[in-house]
Amino acid sequence: MKSWKKRLKEELDAQIPPLDDGVRLAPIPTSGDEVMGGNVLVRRKGIVWAIACFVAVLLVVFSVLGGLGILTPHSPIERFVFSLEINPAVSFVTDEEGTVESVSALNEDADVVLSFDDTLIKLKGANISDAAVIYTDCAAKLGYLDVAAQGSAVRLSCGDEASKELLSATSGQLSGYFKDRGIFAIVVEEVLPLIEFTNRIGVESVDSLNALADKVQSYSETYGERYVEQASIELLQARYDEYVLQAQLFDLIKSDLLDYSTAIVENLHALTQIRLCAYQIMMHPQNPTYPIPTDFWSLKQYIHAEYQGEFANLMEEMQMLLDEYEEKYGVRLDSLEAFSSTADVYASLLDLNLSELFESLSKEQFSSSAVTFIGMLKNVGCDVSKFETLVSVPQTTDEYLEKIHSAVKSVGEERAERYIEEYEREREQISSADYEQFCNDILENYGSFDNFWKEKIN
């Protein structure tokens, strides 16, 4: 590293114009010159004037360079900041050696990764290269990284003052992990100007890498807890809707709705038949309480009652429909209230094609009718108990924190169960030659790794 003296000399040489030859080549007066006549005195005064001008120029230059920060002493860089996007995105703050000092989630999905299987504990104190692999492996386990795809990507970024050696080593270790696990995925490396890097990780503008590290370390580790202290309960409720319903539950519930689409349509059909038969019984002239409508379940309380003709057939048909429903769905509809609470799940959607609705379901549609969609899944035997308590918005800050922690835990468990088979499937290791060819094919098809990344996340 250049000494500060050499650096100062080079910066001054670049900023200060060369002296005029009249000044540079002027003779240096001696003590006897003063008595030799007016010309010598004139020359001496000119030299003094030139020196004074030179000093003035120096002062101006120092002032300008100081204002630009060129001559201002810089604090030594003690920490580095890296981000890793899969796209559960996370930031790491490390010391000079690359040891992870802190971890912060940059979006909702990252909270799930960090909360699963003690991942956050494993990351702290690890080298950044190992931490990146630990985080990526957990994301793969939870299905955020498609291990079966023939082309996936992660993006590793840092500011231009960070250690390029650590960035390169981390990228290399991630590539090694992908080859060992037989995963065709690339590592997109990006070194950005500080302001662009801060924008990428969602941090307010800072003027140095140390200031950025301070800022990132001041954030909560989980994204869901960020800014809780400054938020009103109304803002927390809105954030809960975005964080839990739209970000955490939407993908899981929509996937289940698509998987159980046929069963849900059949369930609706069965309940519709029961509803129609129940209505016919209530309004039938042979109903013992006619014209006052009495439902099937109330009439069944009269165990010795005997019915004739068409009304008797309706009572038998109703019992058969209820028995079939219980056998197929494991639920006994033993009262009008039990039937209504089950059938009313579909009340607002009777005129819609459910299969098409599930295909086109948006996050906003889901959050506004989350109870309905979870109720549909419950009707067909899908275990949604861990999600039922999450669909109601919190009323206090403590309840908000409790529910978001419960949400990420439940989502992590659900995703791990869903993707474990694919994650544990044996795959052949990828040779260095094959991996290099895979990378070259991406460059040929997309022009750059960055283009490939953007294609994948859009």
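- In this structure, Arg181 contributes its side chain and Tyr423 its backbone to a donor-acceptor pair below 3.5 Å.
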> Run the side chain to side chain contact (heavy atoms under 4.5 Å, CB included) check on Glu96 and Ser163 step by step: do they pass?
Replying inline: CA-CA 8 Å; Glu96 292 178 287; Ser163 170; over 6 Å; no
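- Side chains of Gln246 and Asp241: a donor on one and an acceptor on the other come within 3.5 Å.
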> How far apart are the C-alpha atoms of Asn451 and Glu455, what are their side-chain angles, what is the distance that settles it, and do they pass the side-chain hydrogen bond (donor to acceptor under 3.5 Å, both in side chains) test?
Replying inline: CA-CA 6 Å; Asn451 289 340; Glu455 178 78 15; over 6 Å; no
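- The main-chain N or O of Ile121 is never found under 3.5 Å from a side-chain atom of Asp118 such that the two would form a donor-acceptor pair.
- Around NZ of Lys164, the count of heavy atoms belonging to other residues, nucleotides or ligands within 6.0 Å exceeds 12.
- For residues 81-124, no residue pair satisfies the ring-ring contact (aromatic ring centres under 6.0 Å, His included) rule, not counting sequence neighbours.
- In this structure, a donor-acceptor pair under 3.5 Å is absent between the side chains of Glu444 and Asn440.
- Between the side chain of Arg415 and the main chain of Leu142, a donor-acceptor pair closer than 3.5 Å is present.
- Residue Phe184 places its CZ atom among more than 12 non-hydrogen atoms of other residues, nucleotides or ligands, all under 6.0 Å distant.
- Using a 3.5 Å distance cut-off with no hydrogens or angles, the side chains of Glu189 and Ser171 do pair a donor with an acceptor.
- Side-chain contact check for Tyr223 and Asp109: no donor-acceptor pair (N or O, by modelled atom type) lies under 3.5 Å.
- More than 12 non-hydrogen atoms from other residues, nucleotides or ligands lie less than 6.0 angstrom from CD of Glu422.
- When atom types are taken as modelled, the side chain of Lys403 and the backbone of Val391 share no donor-acceptor pair closer than 3.5 angstrom.
- The 12-atom threshold is not exceeded at CD1 of Ile292, counting heavy atoms of other residues, nucleotides or ligands nearer than 6.0 Å.
- Glu266 and Lys328 are joined by a salt bridge, as a carboxylate oxygen and a charged side-chain nitrogen come within less than 4.0 angstrom of each other.
- A donor atom on one side chain and an acceptor atom on the other are found under 3.5 Å apart for Asp111 and Tyr243.
- A donor-acceptor contact under 3.5 angstrom links the side chains of Asp137 and Tyr177, judged on distance only.
- Within the 3.5 Å criterion, the main-chain N or O of Ile195 finds a donor-acceptor partner in the side chain of Thr198.
- Note on Asp130 versus Lys122: no salt bridge recorded, every NZ/NE/NH1/NH2 to OD/OE distance being 4.0 Å or above.
- Taking the six-membered ring where tryptophan is involved, the planes of Phe311 and Tyr307 are perpendicular, since the angle between them exceeds 60° and thus also 30°.
- The side-chain heavy atoms of Thr342 and Leu333, taken from C-beta on, include a pair separated by under 4.5 Å.
- Residues Glu414 and Lys386 have side chains in contact (heavy-atom distance under 4.5 Å, counting atoms from C-beta outward).
- In this structure a side-chain-to-backbone donor-acceptor pair under 3.5 Å is missing from Ser340 to Glu337.
- Heavy-atom neighbours of Lys378 NZ from other residues, nucleotides or ligands within 6.0 Å: at or below the threshold of 12.
- Atom CG in Asn379 sits 8.5 Å away from atom CD1 in Ile264 (nearest 0.5 Å).
- Other residues, nucleotides and ligands contribute more than 12 heavy atoms inside 6.0 Å of the CD atom of Gln230.
- Sparse packing is recorded around CZ of Arg332, with 12 or fewer heavy atoms of other residues, nucleotides or ligands lying under 6.0 Å away.
- Asp344 places no side-chain N or O within donor-acceptor distance of the main-chain N or O of Ala347, the cut-off being under 3.5 Å.
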> Going through the checks in order, is the side-chain hydrogen bond (donor to acceptor under 3.5 Å, both in side chains) test met by Asn267 and Tyr325?
Replying inline: CA-CA 9 Å; Asn267 181 258; Tyr325 191 92; 2.9 Å; yes
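- A donor-acceptor pair under 3.5 Å is absent between the side-chain atoms of Tyr400 and the main chain of Ile233, judged by distance alone.
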>> Go through it in stages, so that I can follow the logic: the residues are Ser83 and Arg200, the test is side-chain hydrogen bond (donor to acceptor under 3.5 Å, both in side chains), and I'd like the CA-CA distance, side-chain angles, deciding distance and then a yes or no.
In response: CA-CA 9 Å; Ser83 69; Arg200 172 164 294 179; 5.7 Å; no
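- Checked by atom type, the side-chain pair Ser385/Asp383 shows a donor-acceptor distance below 3.5 Å.
- No side-chain donor from either of Asn313 and Glu317 sits under 3.5 Å from a side-chain acceptor of the other.
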Less than 3.5 Å apart, which donor and acceptor atoms pair up between the side chains of residues 404-411 and the rest of the protein, not counting sequence neighbours?
residue : atom : partner : partner atom : Å
His405  : ND1  : Leu401  : O            : 3.2
His405  : NE2  : Glu225  : OE2          : 2.8
Lys409  : NZ   : Glu413  : OE2          : 2.7
Ser410  : OG   : Ser406  : O            : 2.9

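- With hydrogens and angles left out, the side-chain atoms of Gln217 and Arg79 include a donor and acceptor closer than 3.5 Å.
- A cation-pi contact, defined as under 6.0 Å to the ring centre and within 45° of the axis, is absent between Arg275 and Phe339.
- Panel note: side chain Ser298, backbone Thr294; no donor-acceptor pair is recorded below 3.5 Å.
- Side chains of Thr99 and Thr94: no donor on one and acceptor on the other come within 3.5 Å.
- The closest side-chain donor-acceptor pair between Ser255 and Arg418 falls under 3.5 angstrom.
- There is a side-chain donor-acceptor pair under 3.5 Å between Asn287 and Thr289.
- Remark: Lys363 does not engage Glu242 in a salt bridge, criterion side-chain N to carboxylate O under 4.0 Å.
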